[in-house]
Amino acid sequence: MERMKLVLQYFQSNSESISNGICIVLALVSVKLYTSFDFNCPCLPQYNKLYSLGVMIVPPVILFFVGVLVNRHTDAMMDEWMRPIGERSKNPAVVKYLFSAMLQRAMLAPMVWILVSLMDGKIFICAFSVSVDPAPFSGLPNNTGLDVIKVMAKVPCKEDIIFRNSSFRKAVSRYVRCYSQAVGWSILLLLIVLGAVGRFVKPYFDNHATSLQTRYWSNYLDVEQKLFNETCVLHARDFARKCVVQFFEDMREDAVLRLPHPLFVTNTKGEWEWEEREERLYGISKQEQVDQLLDKWYHSKPELDVTRIAHRPQTCVTWEDRRGKTLYSDV
């Protein structure tokens with residue numbers, strides 16, 4: 001149980017871990033889909049290869065696009081690629097890094113489907129049983145009135161009546177399945193070798209400092225968008241609360257209370273909370289201001305310079321008497 005909690009905490013730690021977890025789930029889903037898939041070869045010479053090609057290509061393509069859709073790097077890449085330049089220049093290296101990360105994760109589930117299908121061998125038997133030479137195998141049914149090609153096309157159909165009490169179909173199926181598994185293991189070995197060679201060769205052709213910078217700014221884009229969304233949620237909640245309170249205040253009848261003016265003005269806890277909510281509104285209290293802020297965020301992202309935060313504008317509160325004369329001010 002503790003190990004499961006550690007695994008869940010890892011996958012929830014950052015955006016890259018979440019993307020890795022989603023890709024692993026998609027890979028497991030592809031295996032489950034293949035095992036529950038009802039494979040029915042048509043057993044006709046003109047349709048066997050077409051059917052097998054469809055089963056081998058169409059599901060991986062679907063899984064690939066599903067992987068692209070659920071990948072968090074896709075949104076960050078498209079936002080960075082399509083956004084106007086504004087006050088912040090675009091970094092092609094970051095877009096390239098995000099595209100590479102998205103492509104690698106989206107390819108996992110399709111490759112799992114292809115490798116599982118090759119290891120199983122049913123698709124290979126359906127596609128290439130016609131191409132097998134029947135001479136080395138004994139027990140070929142020759143009293144069916146069918147030519148050899150049509151007989152070989154029926155090899156994937158074990159329930160066909162022409163193969164009843166015959167070891168010919170099993171022998172051909174084992175033969176083709178061996179080739180299918182050999183192709184599957186070869187592809188897996190090739191992918192592992194390419195990955196290992198790429199990992200060893202990459203430091204010789206890639207600047208490590210540049211790679212660190214690219215990874216940093218790619219993570220920054222995700223964190224920035226996440227913080228912006230969280231801030232928008234807080235602002236929307238306070239904005240909605242104030243609109244509702246204002247509506248109920250408008251419905252209340254006017255009342256006049258005559259109280260003595262206190263010598264000292266003190267803020268109650270409720271007033272301090274209200275001021276805190278006012279601060280979270282950041283002075284944006286109208287729909288036009290909100291729309292203008294969101295439009296500016298998209299068309300003119302702020303430059304990557306936080307030195308100006310030390311000179312943020314401050315609010316000056318001034319107390320005046322009835323004649324408009326300033327008594328004192330506070331910042």
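Given the structure is predicted, the values throughout are model-derived calculations rather than measurements. In what follows, residues are counted from 1 in the order of the sequence shown.
No side-chain N or O of Y298 forms a donor-acceptor pair with one of D79 less than 3.5 Å apart.
In this structure, OH on Y97 lies 13.5 Å from CE on M102, to the nearest 0.5 angstrom. One distance of note links CG of D75 with CG of L221; it measures 12.0 Å at 0.5 Å rounding. A distance of 12.0 Å separates CG of N48 from CD1 of I149, quoted to the nearest 0.5 Å. Atom-to-atom distance recorded for N91:CG and E80:CD is 7.0 Å, nearest 0.5 angstrom. To the nearest 0.5 Å, atoms CZ (F137) and OG (S173) are separated by 9.5 Å.
For CD of Q287, the number of neighbouring non-hydrogen atoms (other residues, nucleotides, ligands) closer than 6.0 Å is 12 at most. Summarising the local packing, CD of Q292 is surrounded by 12 or fewer heavy atoms from other residues, nucleotides or ligands at distances under 6.0 Å.
Both V55 and I114 are assigned to one and the same hydrophobic cluster, defined by single-linkage of ILVMFWY side chains at heavy-atom distances under 4.5 Å.
A donor-acceptor contact shorter than 3.5 Å is absent between the side chain of S211 and the backbone of N207.
Residues K301 and I85 form no side-chain contact, since every pair of their non-hydrogen atoms from C-beta on lies 4.5 Å or further apart.
The two residues A106 and V68 make their nearest non-hydrogen contact at CB-CG2, 3.8 Å.
The sulfur atoms (SG) of C41 and C157 lie 2.5 Å or more from each other.
Residues F39 and Y51 bring their aromatic ring centres within 6.0 Å.
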- Task: Show your working on salt bridge (Lys or Arg N to Asp or Glu O under 4.0 Å) between R88 and E224 and close with a plain yes or no.
- Result: CA-CA 14 Å; R88 183 190 302 179; E224 181 190 56; 2.7 Å; yes
- What's the verdict on salt bridge (Lys or Arg N to Asp or Glu O under 4.0 Å) for K150 and D147, showing C-alpha distance, side-chain angles and the deciding distance? CA-CA 6 Å; K150 290 185 178 179; D147 57 7; 5.2 Å; no
